[in-house]
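What follows is a single structure, written as structure tokens, with notes after it.
Counting convention: from 1, in listed order, for ligands and their atoms alike. These numbers come from the heavy atoms of this one structure, side chains and all, not from hydrogens, waters or symmetry mates.
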Amino acid sequence: MSNVRTRALAESALHKAERFYEDNRPVSDYFGMNVFDLPKMQLYLSSQAYEAVVEAVQSGSKIDRPIADQIALGMKNWAVKMGATHYTHWFQPLTDATAEKHESFSDPVKSGGGSFENFKGSTLIQQEPDASSFPSGGLRNTFEARGYTAWDPTSPAFIIGKTLCIPTVFVSYTGEALDQKTPHLKSIAAIDKAAVALCRLFDKNVEKVTPQLGIEQEYFLVDSALYSARPDLVSCGRTLLGHTAAKDQQLEDHYFGAIPCRVMAFMQDFETEAYKLGVHLKTRHNEVAPNQFEFAPIYGEANISSDQNLMMMIIMKSIAEKHNLKVLFHEKPFAGVNGSGKHCNWSLVTNTGVNLLKPGKNPRANLQFLCFFSSVIRGVYEHNHLLMSTVASLNNMYRLGGNEAPPSVLSVFIGETLTRLVESIEALPDGNLASVTDKDIKVRSKMHIVNQIPEILPDNTDRNRTSPFAFTGNRFEFRAVGSSANVASSIFVLNAVVAEQLVRFKDLLDKYMDQGLSETKAMMKVIRQFLKESDSIRFEGNGYSEEWRKEAQKRGLKSISVPQAFSEFTSKENTALFEKLGIMTSREAAARYEVLNEIYVKKLQIEARVLGDLVTNHVIPTAITFQNSLIRNVKGLKELFPGNYSEMCQMQINLIEKISGYINTLHDYVHDLVEARKVANKITDVPKKASAYSQTVFPYMEKIREKADKLEMVIDDELWPLPKYRELQSFR
Ligand code: ADP
Ligand code: MG
């Protein structure tokens, strides 16, 4: 018996571990070879042009056109020497994906024929892709479809394949952001300004503060033949049906387990290419769910880390192709097992090399740390709903809130030592910390395990995997961001909420000093005030527990729900925050709201259609085929044993009936699903349509799945046409 599934299984059995991009040189020999970084600029640019780029990177100064011409020439010479034939302005529309339109370097020679490689400064600086096919949330009408991409010199150009990719922002004809990078860059400027003003009180040499990001990326791998046999994976990136496998992650044997050979070969190829793109990949490991994995690079400047993460997603997909694998970045590709996120490790570092979130050996004495630490918590508290709304999406909704992923309520975990410190600060009205001892805050001492094992020094923050926003020693880790998201869409809000408090910190400090307090006392007063004001966002317990759900409600912390959470972008306080810091106008925020709703509707629309097709074209016909074989069996037995066949056929007859029941219910549900969609589709107001989809269409998805999965359990395995969970979740 051969069907799509069995053929896919046979094909996947032939897929073996193989290397395609092996490079046996030491990594240091080829690291960054595909990036137009500073050392290459030094080689290919005049010293004047080189200095202009360095200035732009360091202090945000503008690059004028004549200099841009020189930079374009150097960039082109390097790229052509590297074998590039095309260039593209690489940008980040509001879809989470990246966009690229390739242009050839080749131009005709005016007289005498032939061709030459051409690339002007004006082309480097600005391009005009047709903006009409990207989501704009009403920022652009079709008659003013123009949009511009503009070069971001702070993120170096790179080569993928034979194309030079130039990171750019993407804005409308009127200059409004149509992308994720623009607000991110603006938020970086805002937090820089606010943080420098505060840092200067401690060190006059501080001129710049830059948010740092280290992004842990989780993903799933599936054999490409099995993937192709699952229309839901192909069209939606997740399985809409499928009974859980008897064994998946219960034994907790996959996390950190030995990496399967085929996956290892893929990872090594991916890493080789990542190194060539100047990305310092540091860790790789098996994640909790079967066929789930993770990598993390070394952290770096937020804008660059964010771009690099998107680059990695692109090359992972193309390298996986060679390995007959598909990478799933979807937040919840499989029901019943863990989903994937992107843990965003975030900190602030000065140009003098100080990490402002590093408590050091003695956090009590580290006033600068306390200023920033308290401002982050205060900011996260103030706009916790907005921050959570940035991770709200149809995909991530399937993941958040389960007992395996960050809860849907935002809280901040800081660990025992810092909790004690915070409590001590709150308890001291005059803010005099001199009386607090190490013992009070229980600073941990070295541990000796057994003779031959060297002493270990425990961290002052323990790990709490159930917290969506945790302090982890020298940084905060925002864990609720989805694995398919562009992190810029969350991080720009994090930067904004912290920048707002840093400005407020300085204002209050000045006020208290005007009232006669010394600088130190005034600082302690603000720190204490910030910590007290944000008390209710701190939670050290189990974020998955029912008690916390109740407690959070009491504290007024809302659980995000999708699509309602999108409306955070239209609230007065939130738009005021963006406008005040020059990150976004209220019109841009409203456009974002519109786009988020639009994407939600479209994704759910696709899922509903695919599910309807799967049930009608795969599940029901298979059920009928199997039911027919049962009927034939009953008829045959009746012929042979006319006297006692009904006793002999009890199981078959029951099953025939049961299958009919499932088929009829499924048919009815699919009919109702289609009707609900038709009604919702008539609504023109996008947010209202999204809400109708979530309330009237969405409930059928789970109902249908439940019955279809029941059928999968009773139907002859040989007949079932869709690769099963146990097959999708394993590697040979
Ligand atoms: P975990 O133990 O949380 O799983 P990983 O080693 O997988 O950690 O990843 C931690 C990530 O945090 C890495 O990308 C790392 O570079 C990053 N990171 C470490 N220190 C900082 C910091 N000060 N600021 C931002 N990111 C950091
Ligand atoms: Mg981590």
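Each of the following atoms of ligand 1 lies closer than 4.0 Å to a heavy atom of Asn345: 10 (C), 11 (C), 12 (O), 17 (C), 25 (C), 26 (N), 27 (C). Ligand 1 places these atoms under 4.0 Å from at least one heavy atom of Pro297: 13 (C), 14 (O), 16 (O). Per-residue contacts place Ile298 under 4.0 angstrom from the following atoms of ligand 1 (heavy atoms of the residue considered): 16 (O).
For a threshold of 3.5 Å applied to N or O pairs, the pair formed by His285 and ligand 1 contains no separation below that value. Between Leu213 and ligand 1, no N or O atom pair is found at a separation short of 3.5 Å. Considering both main-chain and side-chain atoms, Ser347 comes within under 3.5 Å of ligand 1 through a nitrogen or oxygen pair.
Compare Phe476, Tyr299, Trp346 by their heavy atoms: the one nearest to atom 26 (N) of ligand 1 is in Tyr299.
Using 4.0 Å as the threshold, Glu477 has a heavy atom nearer than that to some atom of ligand 1. Close to ligand 1: Glu294, with a non-hydrogen atom less than 4.0 angstrom away.
Ile188 places a side-chain heavy atom less than 4.5 Å from the side chain of Pro211.
Among pairs with a residue in residues 336-360, none fulfils salt bridge (charged side-chain N to carboxylate O under 4.0 Å, His left out), at least two apart in sequence or across chains. Residue pairs meeting the salt bridge (charged side-chain N to carboxylate O under 4.0 Å, His left out) criterion with at least one partner in residues 204-213, sequence neighbours excluded, are absent.
Here the two rings, on Phe471 and Phe413, have centers that are 6.0 Å apart or farther. Remark: aromatic rings of Trp346 and Phe478 are distant, center separation not under 6.0 Å.
A salt bridge between Arg420 and Glu423 is absent, with no side-chain N of the basic residue lying under 4.0 Å from a carboxylate O of the acidic one.
Heavy atoms of Asn355 found under 4.0 angstrom from ligand 1 belong exclusively to the side chain.
Cation-pi check for Arg238 over Tyr398 is met; the charged atom lies under 6.0 angstrom from the ring centroid and within 45 degrees of its normal.
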